[in-house]
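Below is one structure, written out as structure tokens; comments come after it.
All chains are named by letter (A, B, ...) in the order of the sequence lines, taking the proteins before the strands, and each is independently numbered beginning at 1.
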Amino acid sequence: MSYYHFKPPGLQAHIFLKYDYQNSTKTILLHELIMFKDKNEIVKISKVKELKPTDTSNMAEQEILEKIERLFVDHFSGKLVDLFAEIQKLNVELDVKSKYKSEFAYNVLEFLIKVKPGETTSYYEIGSQIGSKAYRAIGNACRSNPIPLIVPCHRVLKRNGEIGGFMGKNSDNEWETNLKKEILMLEKAKL
DNA sequence: ACGCGCGTTCTAA
DNA sequence: TTAGAACGCGCGT
């Protein structure tokens, strides 16, 4: 298990990818995307999870990671990229099934990937689409999303227009909720 | 501001 | 392993 770190200019967050590189197939299996306020947190997590940094001697691996980074840089510089669709065109497999194990959570995921940059939805709307009134449970499913941004849980708002929580935090003026707002602004979504 | 609803996770047998 | 209590990026009143 390895990690790759970068920071898109314009976004107030560092991005940390946790992945495995399969040498035989030259593909990357992406397990997790984590966002951090500052770089120190990244060092902490990588130690705890016993992750090795990217093997910069492996050109094929490095190349895929830089392509992924480019997509994020483009996206947050205003060129609105469908990250889920574009990353699938690279030699990357998204490891969503290990976290989205229940049928319920998988339904939420399937709906989320249809929400494109600049659009928003609500927990209520997801509920009516998947035939459930468990709005809080939908929130929990979004929270367990292993790859935020790529699976766009940040585009889900409360029905009354409030921002709602993000990455475990739900009170105003937390770094996480401000980040959610910032991302949506960069995506030029109507709030 | 309070009660509700319901999938998931935690906890104690 | 299994029931049941507790917990939540919410909703309606």
Side-chain angles (χ1 to χ4, degrees), chain A residues 1 3 5-8 10-18 30-38 40-42 44-45 48-49 71-72 75-76 80-85 87 94-191:
Chain A
M1 200 88 77
Y3 73 87
H5 155 256
F6 62 96
K7 183 183 174 304
L11 182 71
Q12 300 305 312
H14 293 263
I15 293 179
F16 175 98
L17 303 177
K18 188 176 128 189
L30 184 57
H31 296 292
E32 227 174 313
L33 184 155
I34 309 173
M35 280 182 281
F36 291 111
K37 184 165 25 176
D38 59 76
N40 295 335
E41 304 264 354
I42 296 169
K44 255 190 267 174
I45 293 282
V48 170
K49 298 195 172 182
L71 290 172
F72 280 94
H75 181 69
F76 289 115
L80 301 192
V81 175
D82 184 342
L83 293 169
F84 186 86
I87 285 175
L94 302 175
D95 177 26
V96 287
K97 285 181 182 171
S98 60
K99 295 271 178 180
Y100 279 79
K101 40 196 171 191
S102 73
E103 193 67 28
F104 178 83
Y106 197 75
N107 289 338
V108 175
L109 165 75
E110 284 200 311
F111 184 84
L112 277 182
I113 61 180
K114 292 181 199 157
V115 184
K116 301 303 178 189
E119 304 173 359
T120 59
T121 184
S122 68
Y123 301 98
Y124 179 91
E125 188 181 348
I126 295 175
S128 40
Q129 288 296 318
I130 69 173
S132 169
K133 290 180 184 171
Y135 309 110
R136 302 185 72 174
I138 291 168
N140 287 339
C142 294
R143 181 180 178 174
S144 68
N145 173 14
I147 41 173
L149 298 181
I150 298 173
V151 173
C153 54
H154 60 282
R155 294 179 192 143
V156 191
L157 309 177
K158 290 207 201 178
R159 182 164 170 64
N160 64 9
E162 287 176 33
I163 187 76
F166 191 47
M167 300 198 308
K169 296 290 184 347
N170 60 0
S171 52
D172 262 2
N173 273 349
E174 295 273 5
W175 175 74
E176 286 83 352
T177 37
N178 283 327
L179 178 62
K180 183 174 179 178
K181 282 182 203 162
E182 186 197 11
I183 295 167
L184 290 169
M185 302 256 290
L186 289 170
E187 294 184 351
K188 303 179 181 74
K190 280 185 280 183
L191 300 178

With the threshold set at under 4.0 Å for non-hydrogen atoms, list the residues of residues 118-130 of chain A touching DNA chain C in residue-number order.
Tyr123(A), Tyr124(A)

Side chain to side chain donor-acceptor pair (under 3.5 Å) with His31(A): which residues, sequence neighbours excluded?
Asp20(A), Asp95(A)

Output all residues satisfying side chain to side chain donor-acceptor pair (under 3.5 Å) with Arg136(A), sequence neighbours left out; order by chain, then residue number.
none

Over all atoms of both residues, closest heavy-atom pair of Tyr123(A) and Cys142(A):
CE2-SG, 4.3 Å

Residues that Asn40(A) engages under side chain to side chain contact (heavy atoms under 4.5 Å, CB included), provided they are two or more places apart
Asp38(A)

Does a side chain donor of either Glu41(A) or His14(A) reach within less than 3.5 Å of an acceptor in the other side chain?
no

Does atom NZ (Lys133(A)) have a neighbourhood of more than 12 heavy atoms from anything else shown, all under 6.0 Å?
no

Verify whether the ring centers belonging to Phe16(A) and Tyr3(A) lie closer than 6.0 Å.
yes

Please confirm whether the backbone N or O of Gln12(A) pairs with a side-chain atom of Glu182(A), one donor and one acceptor, at under 3.5 Å?
yes

Check: Thr177(A) main-chain N/O paired with Lys169(A) side-chain donor or acceptor under 3.5 Å
no

What verdict does the side chain to side chain donor-acceptor pair (under 3.5 Å) test give for Ser122(A) and Glu125(A), after you've listed the backbone C-alpha separation in whole Å, the side-chain angles of each residue and the deciding distance to 0.1 Å?
CA-CA 5 Å; Ser122(A) 68; Glu125(A) 188 181 348; 4.6 Å; no

Would you sketch DNA chain B in dot-bracket for me? Only Watson-Crick or G-U wobble pairs with both distances under 3.5 Å count, crossing pairs as [ ], other-strand pairs as |, the rest as dots.
||||.||||||||

Could you go over nucleotides 2-9 of chain B and give all protein N or O partners under 3.5 Å, atom names and distances?
unit_1, atom_1, unit_2, atom_2, d
dG5(B), N1, Arg136(A), NH1, 3.2
dG5(B), N2, Arg136(A), NE, 3.4
dT8(B), OP1, Ser102(A), OG, 2.2

